[in-house]
2 protein chains.
Amino acid sequence: MREARLKDVAALAGVSTATVSRVLHGNGYVSARARERVEAALRDSSYRLNAVAQELRRQKTITIGLILHGDLSNPFVGEIVIGAEQAAAEHGFTLLFLNAHGNPGQERECVETLLKRRIDGIIFTTAVHGKNVSLALDAGVRAVEIERRLCVAASAVVVDNHAAATEAMRHLVSLGHREIGFLGEPFPHDSDNDSADIPKERFRAYRDVLEACGQVLDNSHIVLGHYPRERGGWGGLEAGAAYMRRLLGQAPGLTAVFAVSDLVAAGAMQALYAEGIRVPEQLSIIGFDDTFARYLAPPLTTIRQPMFDMGYKAASLAISLIAEDAPGSSVEFCQARLVIRETTAPARATGADLALRTAPEEPRTRRTGPGPPPSPAGAGRS
Amino acid sequence: MREARLKDVAALAGVSTATVSRVLHGNGYVSARARERVEAALRDSSYRLNAVAQELRRQKTITIGLILHGDLSNPFVGEIVIGAEQAAAEHGFTLLFLNAHGNPGQERECVETLLKRRIDGIIFTTAVHGKNVSLALDAGVRAVEIERRLCVAASAVVVDNHAAATEAMRHLVSLGHREIGFLGEPFPHDSDNDSADIPKERFRAYRDVLEACGQVLDNSHIVLGHYPRERGGWGGLEAGAAYMRRLLGQAPGLTAVFAVSDLVAAGAMQALYAEGIRVPEQLSIIGFDDTFARYLAPPLTTIRQPMFDMGYKAASLAISLIAEDAPGSSVEFCQARLVIRETTAPARATGADLALRTAPEEPRTRRTGPGPPPSPAGAGRS
DNA sequence: CTGTTAGCGCATTCAA
DNA sequence: TTGAATGCGCTAACAG
């Protein structure tokens with residue numbers, strides 16, 4: 001037995017399909033008697049609207065395509081997706097989900113697939129190739145880019161990385177740190193990609209804040225380098241550990257470190273742990289993103305990118321563009337903010353070597369009863 | 001100017017729409033001459049197939065719905081999604097993405113939405129309510145459950161948690177550990193949910209392996225407790241820290257700890273760090289999932305759940321069920337496997353108190369040159 | 001207030 | 001080998 005159609009319900013209720021459609025959508029005039037009959041028929045027939053037919057007729061799918069790249073093992077993209085889904089759901093929209101694996105060709109394929117499906121809008125969770133964005137735009141589809149704006153004709157949701165990184169650096173400076181290391185990388189992806197400006201902006205903030213303090217930039221405090229995607233995860237973890245070791249060797253006077261991402265910070269903390277260097281007692285460290293930060297030991301002070309909001313705003317923006325039926329190319333800024341946890345503490349002495357700054361540790365004995373742990377030394381709380 | 005339709009192409013090529021359709025899909029007889037003319041027209045007209053119309057006509061959308069719950073800040077679900085997308089893409093399927101927020105009512109809504117859209121299959125990334133799965137099944141849609149099977153009439157992809165946890169425990173035992181703590185929780189979600197069997201299975205493995213060693217189960221070694229979802233993240237992190245502190249107080253003789261999840265393990269490691277207890281030199285710890293494990297300091301030994309595979313298999317299963325047009329209720333098992341990293345090391349002495357077992361730490365001095373770090377004491381490598 | 005009608009764009013039967 | 005015709009299920013004029 002086939003699925004019930006509008007026509008079947010109509011027959012059952014003894015009215016026309018138009019009337020059924022009207023009660024279904026609550027528009028047009030319907031007499032109380034007819035409405036009742038239809039509602040009864042609706043109940044008896046286990047009817048379910050065929051959205052495909054509706055879409056064809058109305059010439060719009062209430063659907064937004066979402067293109068992303070790589071995996072979701074990094075919560076960054078995951079939260080964006082959830083935010084987008086949330087906004088979409090609130091407006092009755094549904095999300096079509098495609099992965100282009102960071103590949104321009106596949107990205108193009110994804111756009112084509114989406115256009116064939118006649119989605120109303122596309123969100124690029126970081127577009128790889130601006131041309132693909134225009135492809136969507138040219139087809140009359142609203143497009144929103146997240147994080148990076150490759151196509152000026154499209155709308156975008158971005159964060160001011162320079163401002164955010166400045167906040168991170170100011171936090172360290174306000175704790176008295178002056179000898180601050182930078183753990184970063186200039187190229188986020190493959191070098192054929194010209195938009196390496198996000199890490200670059202974070203670095204500029206590092207430099208600017210330091211210079212504002214009257215410090216001269218010391219190259220031995222900076223480790224940058226192109227790093228590839230690591231197997232089984234996002235790039236940065238192993239680089240972070242390697243860079244940190246390098247920094248330890250070449251800049252013994254450091255009291256704090258700014259890492260371009262939580263991932264790099266996590267790698268750095270692994271190196272520090274192996275060296276037996278205590279955070280933040282011997283060295284402060286701050287990250288960026290707030291992805292893994294909560295989970296590290298000790299919990300990482302970092303700059304939180306409002307990932308959920310970015311997704312939410314992107315979808316909202318797309319939906320409003322769809323509603324007003326205008327291309328529109330506005331840029332929405334999201335604010336990243338400092339989250340102080342337990343890896344940053346006041347600098348005690350400037351320029352003193354780590355080993356001299358820290359009293360020899362007492363041999364630790366296990367505490368013998370339950371109770372609150374000793375609070376981490378000097379860590380500020382937000 | 002409206003979008004080009006089949007009819008426009010046909011007119012341009014001087015043939016009928018049927019012919020165009022035939023060359024588009026490469027079926028039926030088409031003369032070489034006609035084919036050429038159509039292909040030329042196709043190029044000139046920037047025609048794009050309208051998938052919505054196609055779906056209506058063919059009575060099938062090449063689409064699978066994916067329902068998940070909560071956020072994606074935990075990479076676990078994220079990787080499942082990516083795996084599913086991958087399998088779907090390989091078969092020309094597309095993924096519709098919905099979030100039911102762990103709520104049975106919303107889950108039902110999601111199923112309804114999907115049914116209205118006439119998707120061909122549904123994947124429940126952990127169903128919340130078995131009834132919702134049958135709802136899909138009753139509508140003639142293929143359904144696959146991941147991780148937990150709530151509806152026997154549906155297919156499922158699961159892992160054998162008892163076997164996996166057994167592997168974890170055996171690893172600790174093989175390192176000489178006997179005084180092993182358990183950090184867990186009996187109820188993963190709200191207590192109205194009867195399927196608390198996953199953590200329970202992990203606990204059973206803990207108990208079974210210990211008993212097989214001739215150990216008597218010591219309640220002071222076990223901390224279980226219902227924990228709620230934490231704000232801004234998955235439940236378990238803070239519980240892990242609290243539980244670990246409790247364990248430290250009530251079971252001083254412990255040499256190793258088995259945590260039900262990486263998240264709990266991460267919390268535990270935060271507590272240990274605050275206490276100044278070294279991992280694995282003073283205490284070994286093993287997790288479960290392999291979500292955050294890589295990022296912790298030191299990198300956590302854990303049981304890796306094949307999340308990508310689970311998603312991949314689920315989508316493949318759904319697609320094959322769709323293809324053979326049979327409901328089918330098979331269960332596919334995925335194997336979780338031990339990943340040895342750096343938090344587990346041989347037990348040195350049994351039953352000795354931590355403080356007595358470990359030599360007082362030397363005051364650490366910073367290493368002065370680059371080079372490899374000292375390798376973590378006694379950590380096995382896989 | 002309600003029914004009839006005419007497609008939305010495509011795939012497919014059937015006849016030529 | 002090709003074209004004409006039909007209808008997938010629904011909505012929106014329009015006529016009554």
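Per chain, numbering begins at 1; letters A, B, ... match sequence-line order. Basis for what follows: all heavy atoms, side chains included, without hydrogens, waters or symmetry-related copies. Because the structure is a prediction, the values reported are computed rather than measured.
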Once you apply a heavy-atom cut-off of 4.0 Å, does A/V52 come out as touching a base, just sugar-phosphate, or nothing?
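Nothing: the residue A/V52, judged by heavy atoms under 4.0 Å, touches no strand.
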What contact category does B/L6 fall into here, base, sugar-phosphate, or nothing, at under 4.0 angstrom with non-hydrogen atoms?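 It contacts sugar-phosphate atoms only.
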Between [X] ([atom1]) and [N] ([atom2]), how many Å, whole number?
| X | N | atom1 | atom2 | value |
| --- | --- | --- | --- | --- |
| B/E3 | C/dG9 | CD | P | 9 Å |
| B/E36 | D/dT1 | CD | C1' | 16 Å |
| B/K116 | D/dC10 | NZ | P | 12 Å |
| A/R35 | C/dC1 | CZ | P | 10 Å |
| B/D8 | C/dC10 | CG | C1' | 13 Å |
| B/K7 | C/dC10 | NZ | C1' | 11 Å |
| A/R33 | C/dT2 | CZ | C1' | 12 Å |
| A/Y29 | D/dC14 | OH | C1' | 15 Å |

From C-beta outward on [X], which listed nucleotide comes closest to its side chain: [options]?
| X | options | result |
| --- | --- | --- |
| B/A53 | C/dC10, D/dG3, D/dG9 | C/dC10 |
| B/T19 | D/dC10, D/dT2, D/dC8 | D/dT2 |
| A/V15 | C/dA11, C/dG3, C/dT4 | C/dG3 |

query = Are more than 12 heavy atoms from other residues, nucleotides or ligands located less than 6.0 Å from atom CZ of A/R48?
reply =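 Counting neighbours around CZ of A/R48, more than 12 heavy atoms of other residues, nucleotides or ligands fall under 6.0 Å, so yes.
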Query raised in the report: With respect to B/I146, which candidate in B/V159, B/L66, B/T125 satisfies the side-chain contact (heavy atoms from CB on, under 4.5 Å) definition?
Result: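 Passing option: B/T125.
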Pairwise distance CD(A/E85) to CG(B/L72) - rounded to 0.5 angstrom:
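Result: 9.5 Å between the selected atoms.
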Distance test, side-chain N/O of [X] to OP1/OP2 of [N], below 4.0 Å:
| X | N | answer |
| --- | --- | --- |
| B/Q54 | C/dA11 | yes |
| B/Q59 | D/dG9 | yes |
| A/S31 | C/dC1 | no |
| B/T17 | C/dG9 | no |
| B/R57 | C/dC10 | no |

Return yes if the base of D/dG3 and the side-chain atoms of B/R22 contain a donor-acceptor N/O pair under 3.5 Å, otherwise no.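 Looking at the base of D/dG3, it does pair with a donor or acceptor on the side chain of B/R22 (distance under 3.5 Å).
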**Prompt:** A/N27 or B/A18: which one's nearest nucleotide on DNA chain D is closer to the 5' end?
**Reply:**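 Closest to the 5' end, via its nearest nucleotide, is B/A18.
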Nearest-nucleotide comparison on DNA chain D, the residue closer to the 5′ end among B/L56 and A/L24
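Nearest-nucleotide comparison on DNA chain D picks B/L56.
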Q: Determine, for B/R142 against B/D325, whether the closest basic-nitrogen to carboxylate-oxygen distance falls under 4.0 angstrom.
A: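 A salt bridge links B/R142 with B/D325.
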query = Pick from A/E107, A/E112, A/Q106, A/R108: which one makes a side chain to side chain donor-acceptor pair (under 3.5 Å) with A/N132?
reply =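 Only one of A/E107, A/E112, A/Q106, A/R108 forms a side chain to side chain donor-acceptor pair (under 3.5 Å) with A/N132, namely A/E107.
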Review point. Can B/E79 and A/S73 be counted as having a side-chain donor-acceptor contact under 3.5 angstrom?
Key: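 No donor-acceptor contact under 3.5 Å links the two side chains.
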